[in-house]
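What follows is a single structure, written as structure tokens, with notes after it.
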Amino acid sequence: MNSSSEKKNNLEQIVSLAKRRGFIFQSSELYGGINGFWDYGPLGSELKRNVREVWWRYIVHGREDIVGLDAAIIMNPKIWEASGHLGGFSDPMVDCKICKKRYRADQLCEEQGSQLIGDGKRWKMPENVSCSNCGSKDLTEPRSFNLMFKTFVGPVEDDSAVAYLRPETAQAIFAQFLNILPTSRKSVPFGVAQSGKSFRNEINPRNFTFRSREFEQMEIEFFIRPDEAVELICGKVTTLADNPDLEGEPQDDWGWEVWHRYWVEQRFAWFRTIGLPADSLVERVHSKNELAHYAKTCVDIEYAFPFGIQELEGIAARGNFDLTQHQKFSSRSMAVMDDKLRIAVSEMNDAAKEAFRQKTVANWVQDGKSEEEATAFCNLLFEGRYIPHVVEPSLGTDRLVLALICNAFDEEEITDAKGKKEVRTVLRFHPSVAPVKVAVFPLVKNRPELYDKARDVFKKLNRYWNCFWDESGAIGRRYRRQDEIGTPFCITVDFDTLEDDTVTVRMRDSMEQTRVPVSDLRDFLEEAMEL
RNA sequence: GCGGGUGUAGUUCAAUGGUAGAACACCAGCCUUCCAAGCUGGCCACGAGGGUUCGAUUCCCUUCACCCGCUCCA
């Protein structure tokens, strides 16, 4: 998509263009800014809105097995206890008082063959641990950073009123699972999608909007059957080793591994539809020790930002951890009834059930779980019920917007008719995300009949797309202004228009022009935008 | 959080212990028959606070923000 000129977008150039053209401003700039917060200007808000909308259309409207949710940002704090965000996820840190180096306390201890002392809230360093940089034992006490923003609900600021701004959108999906299930008339496998703000009090926001304290996510929780249920229903569980067809419709016999891979492929395919070329994206599989203890696997889709290759979206297989936690903390059963499972089980005799139970218990015990747990799970299955497992594709909206700007940014050297070289700055957005889709110009503005005709065309198109009107300056200048904000199509009304009712459509990327009858404009543009 | 760098107009960049300048952009007008044309006019800045000084955008201190490296990233 980009011209041959090697892409060394340094970030400052992007930041400058983003500001100059009204994409992204520093938050509160009037008062010196505030670290970790950014605002989207007139064009940025259009771009971001388009990204959200294209995602929603593709994920929620485009599929029959996903429904939407728009939950509150502030929720009952118990949710964060259940999810683990209040406790274990804040990493204890120590600093060396001598050389000022900072460590994750647990990692430093482990490195030196000892164990961090603590209960998940308060921590203490073991005696013999020293700074691995300078050897000093003069370390600070381990401090936990809880990255959730805290606030108070209601007029009284005491402990009972404490609440948190959500650090991810996903938990609301689990917390509302029991409401969504009956009202959506969906059954497993199905998913719930949510897009919205999240907040993390990052220790060190960095890299423009990439790591912000207030940010937006587009998350899906896709609920699937546990593999054991799949086996009972289908008599087998398809794994990646079976080489399943991931481009067709999802199949009942898919195990979690296939579902996870399917979602990775789905997400890659979607990125391509909004103009991120395959070769700009990198797939990174999390190593075992990066994984949260409950996660089965996690794949990041990364983009080559000017400041390095960094995560856009993570697709995690989280088992039934979250629903199980909420079941435990809320005392409400998160098990679903699965009719296909119920029917399959009703056809089994006792011997078959016992054989299945023994196999399952053996497998679970091998995985370090208790026999009791496994038996309870089997009993639930024999009733046709289970707690669904989940695959979670979680995308950073602001990160994607930034990636789209970086990807679109191009400085093209062109030679004009007189042989003079100049640089054309152009944002090569895919039309589906471009903030302005169409610009309309009168060739000159001091001829009323031309001007009025152009206004008519503008008003006609403005009903369908975000259009831009520009009458000032020479026509070439107006084209270039649109190039710089990434408008894919410019329409010029000229003197021929008055004769034959056709206009010039000028393409952003090629700068080519074609004449199109006004009556065909809508269809013509519609088609051109699909690319 | 540590180290380094930067902060002057919307952007990119000058200069200066005493009146802050340009280019581009933007706005208005004239002109303009397809790729940043021309003319006229206009708008807009020393990140914030304190100190030194007769006087500070300039020197000093503090602070805020951004960039780079480290660190961190449920």
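All values derive from a computational prediction rather than experimental measurement. Every chain is numbered from 1 and lettered A, B, ... according to where its sequence line falls, protein lines coming before strand lines.
Taking atom C1' in both B/rG42 and B/rG47, the straight-line distance is 27 Å, to the nearest Å. Straight-line distance between the C1' atoms of B/rG21 and B/rU58: roughly 16 Å, to the nearest whole Å. Between the C1' atoms of B/rC67 and B/rU57, the separation comes to 22 Å (whole Å). Rounded to whole Å, the separation between the P atoms of B/rC66 and B/rU8 comes to 14 Å. Using atom P as the reference point in both B/rC44 and B/rG7, the two lie 24 Å apart (nearest Å). Here the separation of B/rU71 from B/rU63, taken at their C1' atoms, is 23 Å to the nearest Å. For B/rA15 and B/rC34, the C1' atoms lie 42 Å apart once the distance is rounded to whole Å. Atom name C1', nucleotides B/rC35 and B/rG41: the rounded distance is 27 Å, in whole Å.
Rounding to whole angstrom units, CD of residue A/Glu29 and C1' of B/rA9 are separated by 13 Å. Atom-to-atom, CG of A/Asn207 to C1' of B/rC72 comes out at 12 Å; the value is rounded to the nearest Å. The nearest whole Å value for the distance from the CZ atom in A/Phe23 to the C1' atom in B/rU11 is 15 Å. With rounding to whole Å, A/Gln13 atom CD is found 16 Å from B/rC66 atom C1'. Taking atom CZ of A/Phe37 as the reference point, atom C1' of B/rA65 lies 14 Å away to the nearest angstrom. Spacing between atom NZ of A/Lys445 and atom C1' of B/rA28 amounts to 8 Å, rounded to whole angstrom units. Straight-line distance from the NE2 atom of A/His286 to the C1' atom of B/rA74: 11 Å, rounded to whole Å. Straight-line distance from the CG atom of A/Asp470 to the P atom of B/rC27: 8 Å, rounded to whole Å.
Across all strands shown, B/rA45 has no partner, as no Watson-Crick or G-U wobble contact with both distances under 3.5 Å is found. Pair check for B/rU6 finds B/rA65; Watson-Crick or G-U wobble, both atom distances under 3.5 Å. Base-pair partner of B/rU53: not found among the strands shown (Watson-Crick or G-U wobble, both distances under 3.5 Å). The partner of B/rC70 is B/rG1, by the rule that a Watson-Crick or G-U pair needs both atom distances under 3.5 Å. Across all strands shown, B/rU19 forms no Watson-Crick or G-U wobble pair with both key distances under 3.5 Å. Pair assignment for B/rC34 gives none, since no Watson-Crick or G-U wobble pairing has each distance under 3.5 Å. The nucleotide B/rU40 finds its pairing partner in B/rA28, both defining distances of the Watson-Crick or G-U wobble pair being shorter than 3.5 Å.
A/Phe208 and A/Trp38 have perpendicular rings, their planes meeting at more than 60° on a 0 to 90° scale where under 30° would count as parallel.
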Check against side-chain hydrogen bond (donor to acceptor under 3.5 Å, both in side chains), A/Thr502 and A/Asp500: CA-CA 6 Å; A/Thr502 64; A/Asp500 61 6; 2.9 Å; yes
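When distances run from any side-chain atom of A/His85 to the nucleotides B/rU11, B/rA74, B/rC34, the shortest one goes to B/rA74. The side chain of A/Arg480 lies closest to B/rC35 when the candidates are B/rC66, B/rC35, B/rA65. Checked against B/rC66, B/rC27, B/rC70, the side chain of A/Arg206 finds its nearest nucleotide in B/rC70. The side chain of A/Ile203 lies closest to B/rC72 when the candidates are B/rA36, B/rC72, B/rC34. Out of B/rU33, B/rC34, B/rA74, the shortest distance to the side chain of A/Phe495 is found at B/rU33. In this structure, the nucleotide among B/rA36, B/rC68, B/rA74 sitting nearest to the side chain of A/Tyr294 is B/rA74. With distances taken from any side-chain atom of A/Tyr479 to the nucleotides B/rC34, B/rA74, B/rU32, the minimum falls on B/rC34.
The side chain of A/Asn35 contributes an N or O atom lying less than 4.0 Å from OP1 or OP2 of B/rC66. Regarding contacts with the backbone of B/rC26, a side-chain N or O of A/Arg481 is found under 4.0 angstrom from either OP1 or OP2. Under 4.0 angstrom from either OP1 or OP2 of B/rU12 there lies at least one side-chain N or O belonging to A/Ser16. An OP1 or OP2 oxygen of B/rA37 is reached within less than 4.0 angstrom by a side-chain nitrogen or oxygen of A/Arg477.
Residue contacts shown for A/Phe208 are limited to sugar-phosphate atoms, with no base heavy atom under 4.0 Å away. If you check every strand for non-hydrogen atoms under 4.0 Å, A/Gly36 touches sugar and phosphate atoms only.
Checking A/Gln171 against A/Ser83 by side-chain atom types alone, no donor-acceptor pair falls below 3.5 Å.
The residue among A/Arg399 and A/Val15 whose nearest nucleotide of RNA chain B lies closer to the 5′ end is A/Val15.
Surrounding CG of A/Asp70 are at most 12 heavy atoms belonging to other residues, nucleotides or ligands under 6.0 Å away. For A/Lys78, the NZ atom sits in a loose shell: 12 or fewer heavy atoms of surrounding residues, nucleotides or ligands are nearer than 6.0 Å. Counting non-hydrogen atoms of other residues, nucleotides and ligands closer than 6.0 Å to NZ of A/Lys150 gives a total of 12 or fewer.
For A/Asn204 against B/rC72, no side-chain N or O and base N or O form a donor-acceptor pair under 3.5 Å. With hydrogens and angles ignored, no donor-acceptor pair under 3.5 angstrom links the side chain of A/Arg478 to the base of B/rC34. Looking at A/Gln513, its side chain comes within 3.5 Å of the base of B/rC34 through a donor and an acceptor atom. The base of B/rC64 has none of its N or O atoms less than 3.5 Å from a complementary donor or acceptor on the side chain of A/Tyr31.
Under the side chain to side chain contact (heavy atoms under 4.5 Å, CB included) rule, A/Phe305 has a single partner from A/Leu11, A/Leu312, A/Asn207, which is A/Leu312.
Panel note: side chain A/Glu216, backbone A/Thr397; no donor-acceptor pair is recorded below 3.5 Å. Checked by atom type and distance alone, the side chain of A/Arg318 never pairs as donor or acceptor with a backbone atom of A/Tyr294 at under 3.5 Å.
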